[in-house]
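Comments concern the structure below.
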Amino acid sequence: MAEEVILLDFWPSMFGMRARIALREKGVEFDMREEDLSNKSPLLLKMNPVHKKIPVLIHGGKPVCESLIIVQYIDETWGHESPLLPSDPYERARARFWADYVDKKIYLALRTLRPSTGEAQEAAKKEYIESLKVMEGELGDKAYFGGERFGYVDVSLIPFYSWFYGLEVLANFSIKEECPKLVAWAERCMQRESVAKSLPDQYKLYEYLLERTKKLQAQ
Amino acid sequence: MGKLKIIFSPMSLFCTRVEWALKLKGLEYELIVEDLRKGKSELLLKSNPVHKKIPVLLDDGVAIAESKVILEYIDEKWKGGDYYSLLPQDPYERAQARFWAQFADDKCVFGAGEACRADDGLEKEKAVETTIESFAYLEKQIEGKKFFGGEKIGYLDLVAGWIPFVLGVLEEAGGMKIYDAERFPSLHEWAQNFSEIPLIKECVPPRDMLLHNMTARLSNLRSLAANKP
């Protein structure tokens with residue numbers, strides 16, 4: 001008795017990608033609906049009246065908002081044989097802490113980097129790389145953040161990889177040079193079907209970023 | 001015994017929410033008070049090297065940071081049997097509790113803090129207006145319920161628990177008004193019920209201490225801002 005699963009999404013969104021990956025990891029069939037963020041659908045406004053943002057997971061007509069909350073919901077609802085979060089309470093806390101770090105530090109650094117130019121861009125690049133290096137430190141020599149198995153922290157961070165190429169071209173730096181282990185981890189994750197299917201082509205993303213940057217700088 | 005400790009300040013309701021959770025679970029713990037005026041202790045820097053912030057829960061020496069992460073840890077490690085449940089069992093209800101907890105911290109705490117800090121005039125007015133809108137959402141959530149957790153307090157009550165004790169202090173220190181019983185009648189009733197619970201109120205310092213601390217911090221912030229080139 002499967003209830004309908006809809007994902008309100010926007011293809012370049014890293015947060016949307018997290019939800020896509022989690023659903024695919026669990027083998028859940030879903031209807032991915034692309035939103036035009038300049039003209040938000042009545043459904044989006046109804047399902048996320050507080051933030052009016054994507055992604056929104058609608059399961060049996062009931063909405064779940066905020067990407068990490070969506071990923072936890074997916075983990076708790078489906079595929080208990082292949083959990084994204086570990087079973088040990090301490091390891092779970094650690095996973096939640098690091099996913100929160102991705103949102104608090106890495107995403108924030110990215111938001112500062114994107115529209116910046118000149119000296120501000122140099123400073124923003126440094127911040128962004130520093131935050132990625134902290135994650136790289138946490139990864140260490142493990143295959144995935146949780147150890148042997150792909151999990152919650154991997155899901156929270158891997159979408160950022162799709163933006164690497166575009167950022168490197170626009171801000172003139174090499175993330176691979178600065179964080180080789182992290183890029184190796186990302187390439188390992190891309191071997192998974194759920195990830196490969198959920199991340200957009202990096203060149204397409206570069207074009208999108210280029211267009212957005214031009215618009216932002218024109219304002 | 002003696003293996004649970006919180007690196008703690010009584011002035012921080014992010015810390016108090018952790019203490020509340022441990023009390024609800026009936027767990028013994030020790031408070032390691034961090035004097036926020038003296039700079040960060042070796043123990044804090046070692047236990048939370050990433051953010052260097054309190055609260056940090058030390059469980060047999062192992063450190064867990066970020067208050068909402070700590071609350072979920074406490075709920076998951078001591079569960080079942082007679083243990084008090086903080087989060088609901090149903091995945092959808094859990095998602096709702098997490099969503100509103102994040103909202104309460106990101107919008108209500110942050111908003112009230114901004115409104116307190118902002119200079120008088122348009123900046124302050126706008127900050128107050130935005131925060132009132134956020135509180136209106138919280139009001140709708142508690143409408144028709146005794147507590148956010150239902151008949152008994154739960155995770156979201158602990159996260160919103162700063163409101164009955166600290167919001168008034170922020171308003172007085174910051175010279176602004178966000179809250180009144182008429183505008184938020186359900187929140188007002190919840191605040192009265194919540195703050196009356198013995199184990200809740202016994203963990204909160206007296207109001208004048210909170211006010212004194214808040215006023216000092218605000219004046220410190222303002223003088224730092226004034227001295228910026």
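Residue numbering restarts at 1 for every chain, and letters A, B, ... go by the order of the sequence lines. From a predicted model like this one, the values you see are computed outputs, not experimental measurements.
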Tell me whether the count of non-hydrogen atoms from other residues, nucleotides or ligands lying under 6.0 Å of [atom1] in [X] goes above 12.
| X | atom1 | answer |
| --- | --- | --- |
| B:K140 | NZ | no |
| B:K126 | NZ | no |
| A:R111 | CZ | no |
| B:R217 | CZ | no |
| B:K53 | NZ | no |
| B:E139 | CD | yes |
| A:K126 | NZ | no |

- Task: Name the region of B:Y92, side chain, backbone, both or neither, that has any atom closer than 4.5 Å to a heavy atom of chain A.
- Result: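 Both parts, backbone and side chain.
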
- Query: chain A contacts: which residues in residues 77-89 of chain B have a non-hydrogen atom closer than 4.5 Å to it?
  - Reply: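 Residues of residues 77-89 of chain B touching chain A at under 4.5 Å: B:K77.
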
- Item | Residues of residues 97-114 of chain B near chain A, each having a heavy atom less than 4.5 Å away |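 At a heavy-atom separation under 4.5 Å, chain A is reached by B:R98, B:F99, B:W100, B:Q102, B:F103, B:K107.
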
- Proximity of residues 130-152 of chain A to chain B, residues having a non-hydrogen atom under 4.5 angstrom: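 Answer by number: none.
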
- What residues of residues 56-92 of chain A sit under 4.5 Å from chain B when only non-hydrogen atoms are counted?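 If one takes a 4.5 Å heavy-atom cut-off, the residues of residues 56-92 of chain A near chain B are A:K62, A:P63, A:V64, A:C65, A:E66, A:I69, A:Q72, A:Y73, A:E76, A:T77, A:P89, A:Y90, A:R92.
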
- Can you list the steps and then say if B:V50 with A:W98 is a side-chain contact (heavy atoms from CB on, under 4.5 Å)? CA-CA 10 Å; B:V50 177; A:W98 285 105; 3.7 Å; yes

- Report yes if some heavy atom in the side chain of B:I64 is under 4.5 Å from a heavy atom in the side chain of A:F97; otherwise report no.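 No; the side chains remain at least 4.5 Å from each other.
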
- Among A:H51, A:R94, A:K105, A:K104, who wins on heavy-atom pairs under 4.5 Å with chain B?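 Most heavy-atom pairs within the cutoff with chain B belong to A:H51.
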
